[in-house]
**Student:** 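Dropping a structure here in structure tokens format, bear with me for questions.
All ligand and atom numbering here is 1-based and tracks the order in the structure. Start at 1 with the first residue, then count along the sequence.
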Amino acid sequence: MFKKILVANRGEIAMRVIRTCKEMGIKTVAVYSTADKDSLPVRFADEAVCIGPPVSKQSYLSIPNIMAAAEITNADAIHPGYGFLSENEEFSRMCQIHGIKFIGALPEQIAGMGDKATAKATMIAAGVPCIPGSKGLLKDVNDAKKIAKEIKFPVILKATAGGGGKGMRIVWKDEDMEAAWDSARQEAGAAFGNDGVYMEKFIEEPRHIEIQIAGDQYENACHLSERDCSIQRRHQKLVEETPSPFMTDELREKMGQAAIKAAKAVKYEGVGTVEFLVDKNRDFYFMEMNTRIQVEHTITEEVIDYDLIKEQILIAAGKPISGKNYYPHMHAIQCRINAEDPYADFRPSPGKITDYHCPGGHGVRIDSHVYSGYTIPPNYDSMISKLIVVAQTREEAILKMKRALDEYIIEGVKTTIPFHQKLMANEDFNKGNFTTKFMEDFQF
Ligand code: MV4
């Protein structure tokens, strides 16, 4: 087992990893930018190393600075959390070269899944259902027009280096193709330095349902059921829940098996997520594979009673998995509490938290790095905490979430708590009646 893990991240996920390491008797190293010197991970880790100024490129994204911190402290593994360097091919390779175990995917896997057209080709070859579209990248606008005619409008152009909606264009008719083609390529080139674009049939009003998977070093893989992440705004998830209110036992089995196929196709080691779009007929299609721990891993932990960070560490240390799948016994919901003003287009609201009181009680969990008097720096994402509830049924989970939101006091910054309160009272949400389009129509 590892003796010392360096946590190459900040905020709540740094705390989350440190907590599990402590429970496993593993020493921890926090790294921090000068903006985070007063943060909880710095206080709770066994050691802390400053890796640079607030700007991410010179601290949490600086491979040399983080590798130096690992060498100085003699860490034998690095946990990258999510975001930052968690899906960086070069960082994974650097760790390999320096004999430090990267608790995440291998460089080849990161590269193979990071390029979406390549990932899709891999999944088609493995027999995972994918959305009809171009075979790989489009050559030119005439190629785009030809394939759109074959698969029929509406279609969607997607940046192969993308994710998160950048370089994505929906095209409804032939006359709009030229402009969409130009702007998708231009946006992709500027954002990723790669203007490769591919095409798919556009699925209208889908649900975003993802399957948690785990694989070990011996080519075993299993699934840990689904999370419904359809409540999103501008590709930022706001609420996640499991089980999905749209799920059936039959669909879970089919999607679970498809996710296992995806994991085995790339000999996946560690925990990961296979994202699917699910249409109104319950047909499902591979969208992306995430080779990291995700923000919403918590709800899976609550319904299957399983520490996913511990599992990541054990798999990285060579432990085999049992190979059996995991199914939800409870219902869990997570609300992301952000320092944003929901009354002003979710504008970021960094600053000092002048008063703070957390909800508690049975079935209530908060993952956070903040405290009364903490200042949320403007340099990073605006998450204050993740509020997670778990109960026997969806109805009880919603009631518990309402109760927990009412107890939650955060003064000094604007938060998304009022949004979540309104959502929990919404009739369509209560009926489980929502798709990825929900937030476009939600009046706040
Ligand atoms: C789609 C789609 C409809 N049809 N692909 C959004 C981010 C990127 N990962 C893929 N995305 C989508 N791909 C086809 N063929 C709709 C979306 C999409 C979406 C997907 C999941 C969650 C929220 C979304 C919001 C808008 C669009």
**Student:** Looking only at protein heavy atoms, which one is nearest to atom 4 (N) of ligand 1, and what is the separation?
**Tutor:**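 The closest one turns out to be Ile203 N, 2.9 Å.
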**Student:** For the aromatic rings, using the six-membered ring if either is Trp, is the centroid distance between Phe419 and Phe346 under 6.0 Å?
**Tutor:**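 Yes, ring centres under 6.0 Å apart.
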**Student:** Would you mind checking which non-hydrogen protein atom is closest to atom 17 (C) of ligand 1, with the distance to 0.1 Å?
**Tutor:**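 Protein heavy atom at minimum distance: Met168 CE, 4.2 Å.
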**Student:** Report the part of Lys158 in contact with ligand 1, treating N, CA, C, O as backbone and CB onward as side chain, heavy atoms under 4.0 Å; options are side chain, backbone, both, neither.
**Tutor:**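 For Lys158, the contact with ligand 1 is made by the side chain alone.
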**Student:** Could you pull out, from Ile156, Thr436, Ile209, the option with a heavy atom nearest to atom 14 (C) of ligand 1?
**Tutor:**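 Selected option, by shortest heavy-atom distance: Ile156.
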**Student:** Show me which atoms of ligand 1 lie under 4.0 Å from any heavy atom of Lys201.
**Tutor:**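 Counting from 1, the qualifying ligand atoms are 4 (N), 14 (C), 15 (N).
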**Student:** Heavy-atom distances under 4.0 Å are what count here, so tell me which part of Glu275 touches ligand 1: side chain, backbone, both or neither.
**Tutor:**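 No part of Glu275 comes within reach of ligand 1.
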**Student:** What are the atoms of ligand 1, with element, lying closer than 4.0 Å to any heavy atom of Glu288?
**Tutor:**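 Close to Glu288: 8 (C), 9 (N).
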**Student:** Among all protein heavy atoms in this structure, tell me which lies nearest to atom 2 (C) of ligand 1, with the distance rounded to 0.1 Å.
**Tutor:**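 Sorting protein heavy atoms by distance from atom 2 (C) of ligand 1 puts Leu277 CD1, 3.5 Å first.
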**Student:** May I ask you to identify the nearest protein heavy atom to atom 21 (C) of ligand 1, giving residue, atom name and distance to one decimal place in Å?
**Tutor:**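 Sorting protein heavy atoms by distance from atom 21 (C) of ligand 1 puts His208 ND1, 3.5 Å first.
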**Student:** Determine whether the aromatic ring centres of His297 and Tyr82 lie less than 6.0 Å apart.
**Tutor:**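 No - the distance between ring centres of His297 and Tyr82 does not fall below the 6.0 Å cut-off.
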**Student:** Looking only at protein heavy atoms, which one is nearest to atom 26 (C) of ligand 1, and how far off is it?
**Tutor:**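 Nearest neighbour among protein heavy atoms for atom 26 (C) of ligand 1, to 0.1 Å: His235 CE1, 3.6 Å.
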**Student:** Taking 4.0 angstrom as the limit and counting only heavy atoms of Glu200, give me the atoms of ligand 1 inside it, by number and element.
**Tutor:**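 Listed by number with element, the hits are 5 (N), 14 (C), 15 (N).
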**Student:** For Ile131, which part has a heavy atom under 4.0 Å from ligand 1: side chain, backbone, both, or neither?
**Tutor:**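 The answer is the side chain of Ile131.
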**Student:** Could you check whether any side-chain N or O of Arg394 sits under 3.5 Å from a backbone N or O of Asn430, counting only pairs where one atom can act as donor and the other as acceptor?
**Tutor:**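 A pair under 3.5 Å: yes.
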